[in-house]
Asker: 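Sending over a structure as structure tokens; questions will come in a sec.
Values reported hereafter were calculated over all heavy atoms of this structure, with side chains retained and with hydrogens, waters and symmetry mates removed.
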Amino acid sequence: MLQADLTWIDGAFLPGLQVHVAAGGRIAHVGALRHPPTRLLRNRALLPGFVSAHSHAFQRGLRGRGETFPAGDGSFWSWREAMYDLVGRLDAAAFRALTLQTFREMRTAGITTVGEFHYLHHAGPGDDYELDALVLDAAREAGVRLALLEAYYRTGGFGKPLEGAQRRFGSPSPERFWRQVERLAPQLDLATQTLGVALHSVRAVPPEELGPVHREARRRGLVVHMHLEEQWREIEECQDAYGHTPFELLVREIDVLDGLTAVHCTHTHPNDLGLFLRAGGNVCVCPLTEANLGDGIPTLPEGAPRDQLCLGTDSNARIAPLEEMRWLEYGQRLRQERRGCVRNPRGEVPQALLDAATRGGARALGLDVGAIAPGLWADLVVVDLEAPALAGWEPETLLASLVLGAGEEVVTASCVGGRWQEHRGAG
């Protein structure tokens, strides 16, 4: 039985509430239950755990390197070259260590669920898929809830074969890919791990395979994610190859967009993005990585549905869910000449940002998380109300102070399926 000073329920911080977590790790009851609490959280606020709906955990190894990565001639390599260099150097042990480090940092920052868009499959040049199970192991050890989004990666560019380090990403055929999905299923920790499918991008999946892989994934009840229109170069090359933008190719080949999550959409036309959302698609934005790579700022439709927008940490150059939230809004203010557009139906910016980091991620990953409510998993984050970054808060300003003014140092504990971890104190 949990009791914090304040608990985030139905869009407000409420005092005096208790949260009863059943033995299986799900929330059984929430309310003024009047039972002796088994965990009393004094001077603390209780919120739903944050969700990173898009991560490439191994790219944590690029922190600092993608910025100033030296080439032999004294110039600097691009981030992409640095990434391929990292892939070429990673063995299975180093890959697992990086993945574990990433997931541990996420948990400490209040991220209780991660959608791992996993495409570095092979330990060697063949199709051993040895690294997939290591992601499951690392998530289990870190104590984070995992949706393993197994990526289908077929080509090294538009009409190009896989080359060099890309061969470690490759899916030889749809049949081989589905055999690997079936091989992974029995290895899941069913209380904390699920499978989904990632169509890497239009440059890595031929048009004739987009629809069949997507349909088979949905037939199996798996969520589907896909990188979309992250860079202008991808859009121009797609138009040269097929006479369509990636978005146009997507809607031509995939007839049902409901449940599909498009990641980035940095250069997607607002009208196309609105159509995609109205059709039931989800959009995942990764503001810190998109800024780090200089890709740009997406133009989100004003009043984008609160549960169809989610956030990811992508390259994990900085694992900071509260920063992702506020830069989602700040980017829109800059893009929209300070008008902003990340709002819920009542026009409240902080709540809409929290929804993107919780409810939106839950929808995109198809998981029973994202809120403190009966029947959902007890995935929770605890915030120190005495943290210096929150000084001066009042009940009506607390969420804005947290989302727009604080960092992960205010997170003192987190819970995944009833299992607690204590983190560093803030006060």
Side-chain angles (χ1 to χ4, degrees), residues 49-70 77 79-151 153 164-170 180 183-184 187-189 192-195 198 200 286 288-289 292-293 312-321 408 411 414 416 419 421-424:
F50 305 139
V51 178
S52 173
H54 185 76
S55 162
H56 305 301
F58 81 91
Q59 292 183 11
R60 170 64 179 79
L62 290 170
R63 187 172 293 181
R65 295 180 179 272
E67 311 295 331
T68 54
F69 199 87
W77 291 9
W79 184 93
R80 186 177 298 276
E81 289 169 320
M83 191 269 285
Y84 285 133
D85 179 79
L86 174 65
V87 169
R89 291 185 288 106
L90 283 179
D91 60 14
F95 171 83
R96 188 188 186 283
L98 267 177
T99 303
L100 176 59
Q101 180 177 4
T102 300
F103 291 163
R104 282 176 168 166
E105 287 185 20
M106 287 181 176
R107 184 73 190 264
T108 300
I111 293 172
T112 53
T113 296
V114 56
E116 181 60 22
F117 193 115
H118 172 62
Y119 62 86
L120 179 48
H121 297 298
H122 313 305
D127 63 343
D128 54 71
Y129 285 96
E130 182 180 337
L131 304 185
D132 295 2
L134 300 184
V135 180
L136 302 178
D137 292 343
R140 190 178 296 112
E141 183 173 342
V144 70
R145 186 176 302 282
L146 173 73
L148 178 60
L149 304 172
E150 184 77 352
Y153 199 117
Q166 290 178 329
R167 293 189 179 96
R168 298 182 67 183
F169 310 157
Q180 175 59 13
R183 178 184 167 204
L184 284 170
Q187 302 179 53
L188 300 176
D189 176 353
T192 60
Q193 296 179 343
T194 58
L195 280 174
H200 182 273
C286 309
L288 295 184
T289 293
N292 177 259
L293 298 180
T313 53
D314 198 358
S315 71
N316 298 296
R318 174 88 168 95
I319 299 174
E408 64 272 19
V411 175
S414 62
V416 172
R419 299 177 182 177
Q421 283 187 14
E422 301 295 329
H423 308 310
R424 60 189 176 277

Asker: How far apart are the closest heavy atoms of Val87 and Phe58, and which atoms are they?
Answerer: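 That closest heavy-atom pairing would be CG2-CE1, 3.6 Å.
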
Asker: Rounded at 0.5 Å granularity, tell me how far CD in Gln166 sits from OH in Tyr119.
Answerer: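 Nearest 0.5 Å value for the CD-OH distance: 10.0 Å.
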
Asker: Go through the structure and list residues passing side-chain hydrogen bond (donor to acceptor under 3.5 Å, both in side chains) with Thr112, not counting sequence neighbours.
Answerer: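 By the side-chain hydrogen bond (donor to acceptor under 3.5 Å, both in side chains) rule, Thr112 matches no residue at all.
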
Asker: Tell me whether Ser315 contacts the main-chain N or O of Thr289 through its side chain, where contact means a donor paired with an acceptor under 3.5 Å.
Answerer: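 Such a contact is absent between Ser315 side chain and Thr289 backbone.
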
Asker: Given 3.5 Å as the limit, does a donor-acceptor pair link the side chain of Ser52 with the main chain of Thr313, or not?
Answerer: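 Yes; at least one donor-acceptor contact below 3.5 Å.
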
Asker: Asp91: which residues meet the side-chain hydrogen bond (donor to acceptor under 3.5 Å, both in side chains) condition with it, sequence neighbours left out?
Answerer: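 Residues passing side-chain hydrogen bond (donor to acceptor under 3.5 Å, both in side chains) with Asp91: none at all.
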
Asker: For residues 101-115, which residue pairs qualify under salt bridge (charged side-chain N to carboxylate O under 4.0 Å, His left out), counting only residues two or more places apart or in two chains?
Answerer: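 Sorted pair list: Arg60-Glu105, Arg63-Glu105, Arg104-Glu141.
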
Asker: Using a strict threshold of under 4.0 Å (side-chain N to carboxylate O), is an ion pair present between Glu150 and Arg183?
Answerer: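 No, Arg183 and Glu150 are not salt-bridged.
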
Asker: According to side-chain hydrogen bond (donor to acceptor under 3.5 Å, both in side chains), who are the partners of Thr102, at least two apart in sequence or on a separate chain?
Answerer: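 In terms of side-chain hydrogen bond (donor to acceptor under 3.5 Å, both in side chains), with neighbours along the sequence ignored, Thr102 is linked to no residue.
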
Asker: Quick one: do Met83 and Leu62 satisfy side-chain contact (heavy atoms from CB on, under 4.5 Å)? Show the steps, please.
Answerer: CA-CA 7 Å; Met83 191 269 285; Leu62 290 170; 3.8 Å; yes

Asker: Going from CG on Leu134 to CG on Leu98, what distance comes out if it is rounded to the nearest 0.5 angstrom?
Answerer: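 Rounded to the nearest 0.5 Å, the CG-CG separation comes to 12.0 Å.
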
Asker: Is there a donor-acceptor pair under 3.5 Å between the side chain of Gln421 and the backbone N or O of Val416?
Answerer: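 Absent.
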
Asker: Quick check against the 3.5 Å criterion: does Arg419 have a side-chain atom that pairs as donor or acceptor with the backbone of Gly143?
Answerer: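 Here the side-chain-to-backbone pair does not exist.
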
Asker: Side chains of Met106 and Asn316: does their closest heavy-atom pair fall under 4.5 Å?
Answerer: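 They are in side-chain contact.
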
Asker: Among residues two or more places apart or on two chains, list those pairs meeting salt bridge (charged side-chain N to carboxylate O under 4.0 Å, His left out) that have a residue in residues 122-132.
Answerer: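 Sorted result for residues 122-132: Asp127-Arg176.
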
Asker: Taking atom CG of Leu146 and atom CG of Asp189, what is their separation to the nearest 0.5 Å?
Answerer: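 Atom-to-atom, Leu146:CG and Asp189:CG are 10.0 Å apart.
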
Asker: Measure across Ser55 and Glu116 and return the closest heavy-atom pair with its distance rounded to 0.1 Å.
Answerer: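 Answer, listing the atom of Ser55 first, then Glu116: OG-OE1, 2.7 Å.
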
Asker: Tell me whether Gln193 contacts the main-chain N or O of Leu136 through its side chain, where contact means a donor paired with an acceptor under 3.5 Å.
Answerer: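 Judged by distance alone, yes, a pair lies under 3.5 Å.
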
Asker: Please report the closest heavy-atom contact between Ala123 and Leu131, naming both atoms and the distance.
Answerer: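 Where Ala123 meets Leu131 most closely, the heavy atoms are N-CG, 4.0 Å.
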
Asker: Just say parallel, tilted or perpendicular for the rings of Phe95 and His118, cut-offs at 30° and 60°.
Answerer: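 Geometry flag for His118 against Phe95: tilted rings.
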
Asker: Mind listing the closest non-hydrogen atom pair of Cys286 and His54 along with its distance?
Answerer: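 In this case the closest contact between Cys286 and His54 is SG-CD2, 3.9 Å.
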
Asker: Would you check if Phe117 and Asp314 make a side-chain contact, meaning some heavy-atom pair closer than 4.5 Å?
Answerer: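 The answer is no, as the side chains (C-beta and beyond) never meet within the 4.5 Å cut-off.
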
Asker: Over all heavy atoms of both residues, which pair between Leu188 and Arg140 is shortest? Give the atoms and the distance, please.
Answerer: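 Of all heavy-atom pairs spanning Leu188 and Arg140, the closest is C-NH2, 4.5 Å.
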
Asker: Could you check whether any side-chain heavy atom of Tyr129 comes within less than 4.5 Å of a side-chain heavy atom of Leu184, counting everything from C-beta outward?
Answerer: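 Side chain of Tyr129 against side chain of Leu184, heavy atoms only: no contact under 4.5 Å found.
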
Asker: List for me each residue that meets side-chain hydrogen bond (donor to acceptor under 3.5 Å, both in side chains) alongside Tyr153, sequence neighbours excluded, and say none if there are none.
Answerer: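 Per chain and number, Tyr153 pairs via side-chain hydrogen bond (donor to acceptor under 3.5 Å, both in side chains) with no residue.
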
Asker: Would you call the rings of Tyr84 and Phe169 parallel, tilted or perpendicular if under 30° counts as parallel and over 60° as perpendicular?
Answerer: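 Rings of Tyr84 and Phe169: parallel, under 30°.
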
Asker: Which heavy-atom pair separates Thr99 from Ala138 by the least distance, and what is that distance?
Answerer: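 Taking every non-hydrogen atom into account, CG2-CB, 3.7 Å.
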
